[in-house]
There are 2 protein chains.
Amino acid sequence: MLQMDIMQLFKERRLRATPARVSTLDVLLAAGRALSHHEVEDALADKGERLDRVTLYRTLDFLVEESLAHRLSGEDRTWRFSAQGSHTGHAHPHFRCERCGMTRCLSDLKPAMVVGLPEGYVFQQAELTIRGLCPGCT
Amino acid sequence: MLQMDIMQLFKERRLRATPARVSTLDVLLAAGRALSHHEVEDALADKGERLDRVTLYRTLDFLVEESLAHRLSGEDRTWRFSAQGSHTGHAHPHFRCERCGMTRCLSDLKPAMVVGLPEGYVFQQAELTIRGLCPGCT
DNA sequence: TGTCCATTTGCAACATTGTTGCATAAAAAG
DNA sequence: CTTTTTATGCAACAATGTTGCAAATGGACA
């Protein structure tokens, strides 16, 4: 998606299209996988955009708030952010490579799942993380 | 499990049975659910046992290392520790209450799962976290 | 295009969670 | 009870994230 389209997207939603937000969403969309705060920071630096740490945290929060990205908790106790499939709204499983730590959204993967919870528990959502090796690490 | 039995357990495995380790494992076993570092610290304080923060971190690491407990990453970017079902060794799903944050091991729950990964990905392990409301929060 | 105002940004300081190095204390073996 | 190995406590550090506030900026409207 082009930067211009991203600006258009913000405009349509009556959201302020600041450079920080446009660039950050651009990075997330281009990545095609879930990125940590640090990875986003590096990617922005590569594009010549340098944001304050705090601003980036707030920008990512903003994108999640506006459902333009979603947040998933990694194994290393850091948040990961992804712009993939956030338009669909439905929770999808994730894949995490045990070697390189890469996390990818498996948007197209539909696990068939049958669960029965103990008495008194109310089901709301299931989060499935599959761990293994990605193509680059096999 | 009694403290004496826990000491016996350590002795059998030729592990040093220090008060810190015995009390910590005792807390985890009695809890019946996954506890954060802080929750363990509080539980130990209630028992009159006060450990240094660092010692507790190392003790928990030790228990995980010796397969007497296992570690799972919570939604709030903190590790949770549980002594439930660690003897079995097989990964089991977890339940997390969206209201009170309680995490419980669903040792007896066997989800039927069929997944197909994209080309080039190698499956190793699946982690299933079900979110919802626990009996106390409905 | 210029002005105004609510919102965003950057900076500094702080909070939480976890880790490392090292001297001292304690467990277990003989 | 002595010795040896290992665990503990303390201090300092590291990574990740948050809060308060003054200054800068986006966007609406004249």
Side-chain angles (χ1 to χ4, degrees), chain A residues 3-4 6-25 27 34-45 48-66 68-69 71-81 101 103, chain B residues 3-4 6-27 34-45 48-66 68-81 101 103:
Chain A
Q3 290 237 355
M4 250 191 62
I6 294 175
M7 287 199 69
Q8 193 59 33
L9 182 68
F10 281 113
K11 295 259 160 75
E12 281 166 13
R13 301 196 183 202
R14 304 286 140 91
L15 303 172
R16 286 207 179 176
T18 68
R21 290 174 178 178
V22 175
S23 299
T24 301
L25 183 51
V27 161
L35 299 179
S36 68
H37 171 272
H38 197 66
E39 287 172 320
V40 175
E41 201 168 26
D42 287 350
L44 286 171
E49 190 99 17
R50 39 178 173 281
L51 293 189
D52 187 76
R53 261 165 30 84
V54 179
T55 301
L56 181 50
Y57 275 117
R58 288 198 271 228
T59 301
L60 291 167
D61 285 349
F62 167 85
L63 294 175
V64 170
E65 193 89 4
E66 296 296 336
L68 291 169
R71 191 200 306 260
L72 50 129
S73 62
E75 299 302 295
D76 55 353
R77 306 181 320 284
T78 65
W79 293 119
R80 305 276 162 152
F81 298 86
T103 302
Chain B
Q3 290 237 355
M4 249 191 64
I6 295 177
M7 286 199 69
Q8 193 59 34
L9 182 69
F10 280 114
K11 294 262 161 71
E12 280 165 14
R13 301 196 182 200
R14 305 286 142 91
L15 304 171
R16 286 205 179 179
T18 68
R21 292 173 177 179
V22 174
S23 299
T24 301
L25 183 51
D26 191 35
V27 162
L35 298 179
S36 67
H37 171 272
H38 196 66
E39 287 172 319
V40 174
E41 200 168 26
D42 287 350
L44 286 171
E49 190 98 19
R50 39 177 173 281
L51 292 189
D52 186 77
R53 260 166 29 86
V54 178
T55 302
L56 180 50
Y57 275 116
R58 288 198 271 230
T59 301
L60 290 168
D61 285 348
F62 167 84
L63 294 175
V64 171
E65 192 90 3
E66 296 296 335
L68 292 168
H70 58 140
R71 189 201 308 258
L72 50 129
S73 61
E75 301 302 295
D76 54 354
R77 307 182 319 286
T78 65
W79 293 118
R80 305 276 162 152
F81 298 87
T103 301

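Chain letters run A, B, ... following the sequence lines, proteins first and then strands; every chain starts at 1. This one's a predicted model, so the numbers in the text were calculated from it and none came from an experiment.
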May I have the distance from B:Leu15 (atom CG) to C:dA26 (atom P), rounded to whole angstrom?
-> 21 Å
Considering heavy-atom distances to DNA chain D, does B:Asp52 or B:Arg16 have its closest nucleotide positioned more toward the 5' end?
-> B:Arg16
Name the closest nucleotide to the A:Trp79 side chain, picking from C:dA27, D:dG17, D:dC10.
-> D:dG17
Write down the distance between NE2 (B:His38) and C1' (C:dG18), rounded to a whole number of angstrom.
-> 14 Å
B:Arg21 side chain near B:Ile6 side chain, heavy-atom distance below 4.5 Å = no
Separation between CG (B:Leu60) and OG (B:Ser36), nearest 0.5 Å, reads 9.5 Å
Side chain of B:Ala17: nearest nucleotide among C:dA28, D:dG27, C:dA27?
-> C:dA28
Which nucleotide in C:dT17, D:dG17, D:dG26 has an atom nearest any side-chain atom of A:Thr18 = D:dG26
Can you tell me the distance, in whole Å, between the CG atom of A:Leu56 and the C1' atom of D:dA15?
-> 15 Å
Taking OH from A:Tyr57 and P from D:dG20, how many angstroms apart are they, rounded to a whole number?
-> 18 Å
Per B:Leu51 side chain, nearest of listed nucleotides D:dA7, D:dG9, D:dT16 | D:dG9
If you check every side-chain atom of A:Phe62, which of C:dT8, D:dG26, C:dT17 has the closest atom?
-> C:dT8
Rounded off to whole Å, could you give me the CD-to-P distance for the A:Glu65 and C:dT7 pair?
-> 14 Å
Specify the residue among A:Arg53 and B:Ala20 whose closest nucleotide of DNA chain D lies further upstream toward the 5′ end.
-> B:Ala20
Test B:Leu68 against every option in B:Glu65, B:His70, B:Glu66 by the side-chain contact (heavy atoms from CB on, under 4.5 Å) rule and name the one that passes.
-> B:Glu66
Selected nucleotide, minimal atom distance to B:Arg58 side chain, candidates C:dT9, C:dT19, D:dT8 = D:dT8
